[in-house]
**Q** 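First the structure, then my questions, so here it is.
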Amino acid sequence: MSKQPIKLSIPTTRDDHRIAWLTALAITIHIAEAALPSPLPGVKPGLANVVTLLCLLLYGWRIAAWVAVLRVVVGSLLLGSFLTPTFVLSLSGAAASILVLGFAKQIAGAHLGPVGYSMLAAMTHMAAQFFTAYMFFIPHEGLFHLLPILMTVAIVFGVMSGLIAKQVLDRLEEKT
C-alpha cells in the first residue's frame, strides 16, 4: 500500500502576496541597516520604516501593521536578536508607531503628508523605545538627559524618511 502525500492548500489573497513582498523588502533594508555603523548605540535611520509608511499611504493601516510587525520579528530572527533587549525595543517602537499612525490616519487622513506621518512615526518609535528601555533595562534618571538628543535624531530621520517616501509616491504617480 503506497502512501499518498497529504496535499495542503492554503488559499492566499492579493493582500497576502502584497504583505509578503513588502515585508521582504522591509526586512532586506532592515538587515542592510543593521550592518551600518551607528553614531549612538541603537540609533539607526530607520529606512525600513519607509516601506511601512508607503504601505499605510497606499494600502491602508492593516497592511502597514502586518509589514511592520513581520519585519521586526523576521528581521530579529535572521539577525539573531529575537527575544533580546534589541528585539523588545524594536517591537515596542514599531507597535507604538503603527498604533499612532493608525490614529493619525483616522483623524488627519490626507491632510497629513508623508513627511508629517513619518515624523510622527519616528518620534513615537523613539519615545516608545526610550520608555521601554527606562522601564525594563536602564531605570536610571540620567537616561532622561539623552531624550532631547534622541528625539532630535528622530525628527531628522523622520523628515529624511518622509522625503524618501514622498519621492517614491511622486514617481509612482508619474507612472499612472
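Quick caveat, the model's predicted, so the values are computed rather than measured. Any value given below was found using the heavy atoms of this structure, including those in side chains, with hydrogens, waters and symmetry copies removed.
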**Q** List in chain and number order the residues that pass side-chain contact (heavy atoms from CB on, under 4.5 Å) with Asp15, two or more places apart in sequence or in another chain; answer none if no residue qualifies.
**A** Thr13, Arg18, Arg62, Ile63
**Q** How long is the span from the CG atom in Leu146 to the OH atom in Tyr134, to the nearest 0.5 Å?
**A** 13.0 Å
**Q** What's the spacing between Met123 CE and Ile155 CD1 if we round to 0.5 Å?
**A** 4.5 Å
**Q** Show the nearest heavy-atom pair for residues Leu54 and Ala165, with the distance to one decimal.
**A** CD2-O, 3.7 Å
**Q** Are Pro114 and Leu169 side-chain neighbours, meaning at least one heavy-atom pair lies under 4.5 Å?
**A** yes
**Q** Kindly compute the distance separating CG (Leu120) from NE2 (His125), expressed to the nearest 0.5 Å.
**A** 13.0 Å
**Q** Check ring-ring contact (aromatic ring centres under 6.0 Å, His included) between Phe137 and all other residues, then give those that pass, not counting sequence neighbours.
**A** none
**Q** For Trp61, what residues pass the side-chain contact (heavy atoms from CB on, under 4.5 Å) criterion, not counting sequence neighbours?
**A** Leu56, Ala65, Ile98, Leu99
**Q** Check for a donor-acceptor pair, side chain of Thr84 on one end and backbone N or O of Ser81 on the other, with a separation under 3.5 Å.
**A** yes
**Q** Which residues pass the side-chain contact (heavy atoms from CB on, under 4.5 Å) test with Ala108, sequence neighbours left out?
**A** Leu112, Tyr117
**Q** With heavy-atom distances below 4.5 Å as the criterion, would you say the side chains of Asn49 and Phe157 are in contact?
**A** no
**Q** What pairs with His17 under side chain to side chain donor-acceptor pair (under 3.5 Å), at least two apart in sequence or on another chain?
**A** Thr12
**Q** Any donor and acceptor pair, going by atom type alone, linking the side chain of Ser76 with main-chain N or O of Val73 inside 3.5 Å?
**A** yes
**Q** How close do Gly162 and Val115 get, heavy atom to heavy atom, and via which atoms?
**A** C-CG2, 3.7 Å
**Q** For the residue pair Met151 and Ala127, what are the closest heavy atoms and their distance?
**A** SD-N, 4.1 Å
**Q** Distance from Thr28 atom OG1 to His30 atom NE2, nearest 0.5 Å?
**A** 11.0 Å
**Q** Just by modelled atom types, is the Gly93 backbone N or O under 3.5 Å from a matching donor or acceptor in the Gln129 side chain?
**A** no
**Q** Which pairs, with at least one residue in residues 76-96 and sequence neighbours excluded, count as a ring-ring contact (aromatic ring centres under 6.0 Å, His included)?
**A** Phe82-Phe87
**Q** Is there any salt bridge (charged side-chain N to carboxylate O under 4.0 Å, His left out) pair reaching into residues 155-166, and which pairs are they, with sequence neighbours excluded?
**A** Lys166-Asp170
**Q** Could you give the distance from CD1 (Ile19) to CZ (Arg14), rounded to the nearest 0.5 Å?
**A** 13.0 Å
**Q** Looking at residues at least two apart in the chain, or sitting in another chain, which of them share a side chain to side chain donor-acceptor pair (under 3.5 Å) with Glu174?
**A** none
**Q** Do the non-hydrogen side-chain atoms of Leu172 and Leu58 ever get within less than 4.5 Å of each other?
**A** yes
**Q** Holding to side-chain contact (heavy atoms from CB on, under 4.5 Å), I want the full list of residues that pass it with Glu33, two or more places apart in sequence or in another chain.
**A** Leu36, Lys44, Pro45, Leu47
**Q** Does any non-hydrogen side-chain atom of Leu150 lie less than 4.5 Å from one of Phe130?
**A** yes
**Q** Are Val100 and Ile107 linked, directly or through intermediate hydrophobic residues, by side-chain heavy-atom contacts shorter than 4.5 Å (ILVMFWY only)?
**A** no
**Q** Restricting to pairs with a member in residues 87-109, which pass side-chain hydrogen bond (donor to acceptor under 3.5 Å, both in side chains), not counting sequence neighbours?
**A** Ser92-Thr132
**Q** If you link I, L, V, M, F, W and Y whenever their side-chain heavy atoms are under 4.5 Å apart, who else ends up in the same group as Trp21?
**A** none
**Q** So how far is it from His145 NE2 to His140 NE2, rounded to the nearest 0.5 Å?
**A** 8.5 Å
**Q** Which pair of non-hydrogen atoms, one from Ala48 and one from Ala26, has the smallest distance, and what is that distance?
**A** CB-O, 3.4 Å
**Q** Under 4.5 Å side-chain heavy-atom separation, chaining through any Ile, Leu, Val, Met, Phe, Trp or Tyr, what else clusters with Ile31? Say none if it is isolated.
**A** Ile27, Val74, Leu78, Leu79
